[in-house]
Amino acid sequence: MEAPATENLAEFLQHRLDKLARWREAGIDPYPYRYDATHRSDQLKADFDRLAESKDEVSASGRIMALRGFGKSTFVHIQDEAGQIQVYFQTNKLGADVYERVGWLDMGDIIGVKGTMFKTRTGEMTITATSFELLTKSLEPLPEKWHGLADKELRYRRRYIDLTVNPDVREVFRKRAQALRELRSYLDGQGFLEVETPVLQPLYGGAVARPFVTHHNALGVQLYLRIADELYLKRLIVGGFHKVYEVCKDFRNEGMDRDHNPEFTMIEYYWAYADYTQVMELTRALFRHLAEAICGGLKVPYGESEIDFDEDWPQRPYLEALGEALASDPVGLSDNELAELCETHGQAAPDGASRARLYDQLFKLTVEPELVSPTFIVDYPKELSPLAKAHRTNPDLVERFELFVGGHEIANGFSELNDPADQRARFAGQVKMRAGGDFEAHVMDEDYIRALEFGLPPAAGVGVGFDRLVMLLTNQRSIRDVLLFPQMRPEAPTDSEHDAERS
RNA sequence: GGGGGUGUAGCUCAGUGGUAGAGCAUCUGCCUUUUAAGCAGGUGGUCGAAGGUUCAAUCCCUUCCACCCUCACCA
């Protein structure tokens, strides 16, 4: 165990250990095995009138979050998953011997209480204890009770404390679980089959990103943690499933910021015999369902503004949206002119940037920040999308959409490219970019081409950034606030650990 | 990687080139319907780390570390 940093902490720990010893000396195990409470705190409150009237014996368990002693009586708030309930200990109710043990309790201890319900003079619903048990002794101090734990680093590193003292954090993760549940039931209801595909992949693909690399000893091969599930899910469409989806943990070996964590959750769904207009409609219906289920309505507060999932969701062609923002047709501009525009909009393009890349940068600078209410940007240039099918009316474009909400990209989908020759050519283009130093470009995936040669029916698919969706639904501005344990730099080893490593 | 910020008691935060502060928590005492309990008295600090300047550094300088914000990278 880590040594206490200061005298104060050492003293604190010693006091707790002394009390722990007192329980043991009294023949009581301070870490017993189970406790069966009759009620949760919210149930006691909801059913209070009946319970107070009948004087039925109730029991509850939880962590002591407040403790006020008055000599021969003591008030305690215990907190369970649903909230807090007050407990009242009195000498003449418990007897002097049992009441003495109340003095062995501390903030943070976990106890079980039996008693009956009543209201104090100030009207608070309270259990008056007829007996109680220590369920777990706590040896660490809780943070300050009024301000809670505010330090973000400590909140992320010691999420268990954050969850204990900050109830709204618990609420965010309840909503996250609810969103996932609703998403599954919605897709299941639409006839989608939930599947699981490999996290460890011999080739990575389906997105433009650098992978985490690992090694399998038995096979003696290099493997990659998946960056996307796309190519496996489409193989399943080849295999005859009509509608599949996966809740995918993906891994990308890239920078971290407010919108990016190296591991994150993507929802991908693929629908055979459908095109991108149909998956757009499905995505819209899914998001509206989630907003209603999680937020209780289609108008969702987000920061200073509000996101309205109820309005029509406009579909704006990529080049048209870009053209409007630039006040000239981007197709008619030379690469040099595009690069100059990047500069005038505040950010120079990297040297030798491809045309698609210049478009992309201009789009991010001018169009993307404006897309607060849900908007589909559709029909992207081909170079940006090596897995999307060419547009049925314009061979320079692909049938692809990205959904923007709150200024962030939330979903991305397209009519799937199913012509094996075209796919091979696109992969070849990617391989060339890769040879040119672009480590994020796709690699050639022969097995995937073979699957297409076997025959992928017309299909469309979507990837949804689930963490970002949860950010919208819970009004959080950082991805770290919707991940229970966001990626952090490992803590520096303590001196003792350091010594242990050296010896 | 660039720019900005933060780091002082367990927690939330003040503060100063000359022996370190508050509130809460903690400890002791009093108190049987309290509730940010109260009253009285205590304990608790390598002022993120290492160097430097200085008679003297928590404060000024340099470097480093962690975290936050921002830009870049990143579908």
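A, B, ... follow the sequence lines: proteins, then strands. Residue 1 opens every chain.
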Among [options], the nucleotide that comes nearest once only the side chain of [X] is considered:
| X | options | answer |
| --- | --- | --- |
| A:R68 | B:rC13, B:rU34, B:rC11 | B:rU34 |
| A:P141 | B:rG10, B:rU32, B:rU70 | B:rG10 |
| A:H15 | B:rC31, B:rC27, B:rC73 | B:rC27 |
| A:F118 | B:rU33, B:rA66, B:rU34 | B:rU33 |
| A:E144 | B:rG23, B:rC27, B:rU34 | B:rG23 |
| A:E153 | B:rC74, B:rU12, B:rC67 | B:rC67 |
| A:T120 | B:rU33, B:rC67, B:rU12 | B:rU33 |
| A:M107 | B:rU34, B:rC67, B:rA25 | B:rA25 |
| A:D106 | B:rU32, B:rC27, B:rU34 | B:rC27 |
| A:Y88 | B:rU33, B:rC67, B:rU34 | B:rU33 |

Let me know the distance between [atom1] of [X] and [atom2] of [N], rounded to the nearest Å.
| X | N | atom1 | atom2 | answer |
| --- | --- | --- | --- | --- |
| A:W146 | B:rC13 | CH2 | P | 15 Å |
| A:L13 | B:rU26 | CG | C1' | 13 Å |
| A:M256 | B:rA72 | CE | C1' | 16 Å |
| A:K152 | B:rC13 | NZ | P | 12 Å |
| A:Q90 | B:rU34 | CD | P | 12 Å |
| A:K364 | B:rC71 | NZ | C1' | 14 Å |
| A:K72 | B:rU33 | NZ | P | 12 Å |

Just name whichever nucleotide pairs with [N], Watson-Crick or G-U, keeping both distances under 3.5 Å, else none.
| N | answer |
| --- | --- |
| B:rA36 | none |
| B:rU43 | none |
| B:rG1 | B:rC71 |
| B:rU53 | none |
| B:rC64 | B:rG48 |

So, does [X] get its side chain near the phosphate of [N], meaning an N or O under 4.0 Å from OP1 or OP2?
| X | N | value |
| --- | --- | --- |
| A:K19 | B:rC27 | yes |
| A:R252 | B:rC74 | no |
| A:R121 | B:rU34 | yes |

Return each pair, listed once, that meets ring-ring contact (aromatic ring centres under 6.0 Å, His included) where at least one residue sits in residues 460-487 of chain A; pairs must be two or more places apart or across chains. none
Which value, in whole Å, describes the distance between the [atom1] atoms of nucleotides [N] and [M]?
| N | M | atom1 | value |
| --- | --- | --- | --- |
| B:rG52 | B:rG17 | P | 23 Å |
| B:rU12 | B:rC30 | P | 33 Å |
| B:rA40 | B:rA25 | P | 15 Å |
| B:rU8 | B:rU46 | C1' | 12 Å |
| B:rA14 | B:rC55 | P | 33 Å |
| B:rA56 | B:rC13 | P | 35 Å |
| B:rA9 | B:rG42 | C1' | 15 Å |
| B:rU62 | B:rG2 | P | 16 Å |

Stacking between A:F75 and B:rU34, defined as ring centres under 5.5 angstrom apart with planes under 30°, is that present or not? yes
Which part of the nucleic acid, if any, lies within contact of [X], taking any heavy atom under 4.0 Å across all strands shown: a base, the sugar-phosphate backbone alone, or nothing?
| X | value |
| --- | --- |
| A:L154 | sugar-phosphate |
| A:G69 | base |
| A:A150 | sugar-phosphate |
| A:F12 | sugar-phosphate |
| A:D360 | nothing |
| A:R258 | sugar-phosphate |
| A:R400 | base |

Which pairs, with at least one residue in residues 52-72 of chain A and sequence neighbours excluded, count as a salt bridge (Lys or Arg N to Asp or Glu O under 4.0 Å)? A:R50-A:D56
Do the charged groups of A:R284 and A:E281 touch, with an N to O distance under 4.0 Å? yes
Could you tell me whether A:E416 and A:K389 have a side-chain N and a carboxylate O separated by less than 4.0 Å? no
Classify the side chain of [X] versus the base of [N] as yes if they form a donor-acceptor pair under 3.5 Å and no if they do not.
| X | N | result |
| --- | --- | --- |
| A:H260 | B:rC74 | yes |
| A:Q86 | B:rU34 | yes |
| A:D257 | B:rC73 | yes |

Please figure out whether A:H77 or A:R480 has its closest RNA chain B nucleotide nearer the 5' end. A:H77
Go nucleotide by nucleotide along RNA chain B from the 5' end; which of A:M488 and A:A209 gets its closest nucleotide reached first? A:M488
Report yes or no: does [X] contribute a side-chain atom to a donor-acceptor pair with the main-chain N or O of [Y] at less than 3.5 Å?
| X | Y | result |
| --- | --- | --- |
| A:Q430 | A:H442 | yes |
| A:D467 | A:F264 | no |
| A:E320 | A:P317 | no |
| A:R252 | A:F212 | no |

Within residues 39-57 of chain A, the residues having a heavy atom closer than 4.0 Å to RNA chain B are none
Looking only at the aromatic ring of each residue, does the gap between the centers of A:Y269 and A:Y245 stay below 6.0 angstrom? no
Could you check whether atom NZ of A:K249 has more than 12 heavy atoms from other residues, nucleotides or ligands sitting under 6.0 Å from it? yes
Surrounding CZ of A:R159 (heavy atoms of other residues, nucleotides or ligands, distance under 6.0 Å), is the total greater than 12? yes
Looking at A:Y318, A:F401, A:F414, A:Y359, which hits ring pair (Phe, Tyr, Trp, His ring centres under 6.0 Å) with A:Y380? A:Y318
